[in-house]
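What follows is a set of notes on a single structure, which appears directly below.
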Amino acid sequence: FTNEYNLTTQSILKGSGVMFQTNAYDYCPPLQAVVNKKAQAITKGKLICVDKDEKIIKAKGFDEALKVINKPNAYQTKNQFIRATETFISVYGAAYWYKVKPIGLDKITGLILIPNNCITVNYNKPSNILSNQAKLVRYYSICIYGMTFTLSGDDTDLIHEVQDSTENLTQGK
């Protein structure tokens with residue numbers, strides 16, 4: 001029995017990076033419960049644009065962005081999109097949005113959440129990050145539903161990485 005248990009645990013904890021995180025989430029119901037409650041709670045909030053002093057900003061650009069978030073794509077509602085984004089951020093530390101732009105226009109008309117286990121980021125190496133002008137990402141490779149897409153050059157700007165940010169809720173106390 002012990003040997004079978006160890007083999008099962010070993011197979012669950014096998015892998016690195018995204019595979020390890022996916023297995024940890026898939027095989028740990030308490031972790032799933034915590035992440036799901038956190039993701040559910042974030043959908044209950046109201047999105048408000050504020051400046052650094054937390055004063056509400058009224059801007060046309062924010063209103064247009066909010067319209068896209070309210071109807072991000074044909075597959076998800078606003079709450080499903082935000083909840084899935086929060087889940088990916090909680091499990092992987094980042095979520096990847098594909099910005100849908102009609103050809104010839106700069107306006108974003110939709111957002112598609114790319115599952116973390118479907119995207120691979122290839123970085124430019126070496127890269128002078130101190131210049132603040134260097135493009136760090138060489139290309140994104142997306143393998144989803146049996147199809148592979150490679151986004152390189154200016155198309156890398158169609159992917160937006162949403163990262164986890166640590167907040168000090170105690171304001172330093």
Side-chain angles (χ1 to χ4, degrees), residues 18 21 25 34-125 127-145 147-172:
V18 175
Q21 293 161 312
Y25 179 77
V34 170
V35 169
N36 285 333
K37 281 297 180 188
K38 183 179 171 189
Q40 181 183 20
I42 204 161
T43 62
K44 303 294 184 196
K46 184 176 181 183
L47 295 174
I48 301 171
C49 183
V50 295
D51 63 13
K52 64 179 179 152
D53 299 322
E54 297 188 9
K55 293 182 181 163
I56 296 175
I57 298 173
K58 290 286 186 186
K60 182 181 177 186
F62 180 71
D63 292 340
E64 288 178 9
L66 201 54
K67 284 180 187 175
V68 174
I69 290 174
N70 284 335
K71 181 91 171 94
N73 56 59
Y75 313 106
Q76 295 173 307
T77 64
K78 170 188 152 193
N79 283 349
Q80 291 169 330
F81 182 78
I82 290 173
R83 189 173 180 162
T85 298
E86 182 61 30
T87 299
F88 288 149
I89 290 171
S90 296
V91 174
Y92 302 105
Y96 296 92
W97 291 349
Y98 174 78
K99 298 182 261 185
V100 178
K101 287 185 178 181
I103 295 173
L105 298 176
D106 278 340
K107 187 177 178 181
I108 297 170
T109 59
L111 296 167
I112 297 173
L113 184 62
I114 307 294
N116 291 56
N117 58 349
C118 296
I119 189 166
T120 303
V121 184
N122 189 295
Y123 296 97
N124 282 319
K125 297 176 189 172
S127 186
N128 181 7
I129 62 169
L130 299 178
S131 74
N132 204 27
Q133 302 295 321
K135 277 197 109 166
L136 296 178
V137 176
R138 190 162 84 197
Y139 66 86
Y140 293 99
S141 179
I142 302 168
C143 296
I144 191 164
Y145 296 118
M147 296 180 73
T148 301
F149 306 93
T150 301
L151 301 175
S152 59
D154 288 341
D155 287 343
T156 59
D157 294 336
L158 294 175
I159 298 289
H160 180 73
E161 182 178 352
V162 183
Q163 293 184 349
D164 187 12
S165 63
T166 305
E167 295 293 328
N168 182 355
L169 299 177
T170 62
Q171 297 178 353

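As a basis for the values below, the full set of heavy atoms in this structure was taken, side chains included, without hydrogen atoms, waters or symmetry mates.
Among residues at least two apart or in separate chains, ring-ring contact (aromatic ring centres under 6.0 Å, His included) pairs with a member in residues 66-87 are Phe81-Trp97. Identified under the side chain to side chain donor-acceptor pair (under 3.5 Å) test for residues 98-116, with sequence neighbours left out: none.
Summarising the geometry of Ser90 relative to Lys38, their closest heavy-atom pair is OG-NZ, 3.5 Å, with the distance given to 0.1 Å. Taking each heavy atom of Val35 and Val91 in turn, the nearest pair found is CG1-CG2, 4.3 Å. The two residues Lys135 and Gly153 come nearest to each other via the heavy atoms NZ-O, 3.2 Å. Between Ser141 and Thr148, the shortest heavy-atom distance links the atoms OG-CG2, 4.0 Å. Nearest heavy-atom pair, Lys78 versus Asn70, reported as atom, atom and distance to 0.1 Å: CD-OD1, 3.1 Å. The two atoms that bring Ala95 and Phe88 nearest to each other are CB-CB, 4.0 Å, heavy atoms only.
Ile57 CD1: more than 12 foreign heavy atoms inside a 6.0 Å radius. The 12-atom threshold is exceeded at CG of Asp63, counting heavy atoms of other residues, nucleotides or ligands nearer than 6.0 Å.
Within the model, atoms CG of Asn36 and CD of Glu86 stand 11.0 Å from one another, a figure rounded to the nearest 0.5 Å. If you take SG on Cys143 and CD1 on Ile114, they are separated by 11.0 Å, rounding to the nearest 0.5 Å. Atom OH of Tyr140 sits about 9.0 Å away from atom CG of Leu151, to the nearest 0.5 Å.
The main-chain N or O of Lys55 is never found under 3.5 Å from a side-chain atom of Asp53 such that the two would form a donor-acceptor pair. In this structure, Gln80 contributes its side chain and Thr77 its backbone to a donor-acceptor pair below 3.5 Å.
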Report task. Step by step, work out the side-chain contact (heavy atoms from CB on, under 4.5 Å) result for Val137 and Tyr123. Result -> CA-CA 4 Å; Val137 176; Tyr123 296 97; 4.1 Å; yes
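Between Thr85 and the options Ile82, Thr87, Ile89, a side-chain contact (heavy atoms from CB on, under 4.5 Å) holds for only Ile89. For the pairing with Tyr139, the side chain to side chain donor-acceptor pair (under 3.5 Å) check across Thr156, Asp155, Asn122 returns one residue only, Asn122.
Between Ile142 and Ile159, some side-chain heavy-atom pair lies under the 4.5 Å cut-off. Two residues are said to be in side-chain contact when any heavy atoms from C-beta on lie closer than 4.5 Å; Ile144 and Phe149 meet this criterion. By the 4.5 Å heavy-atom criterion applied to side chains, Leu66 and Leu47 are counted as neighbours.
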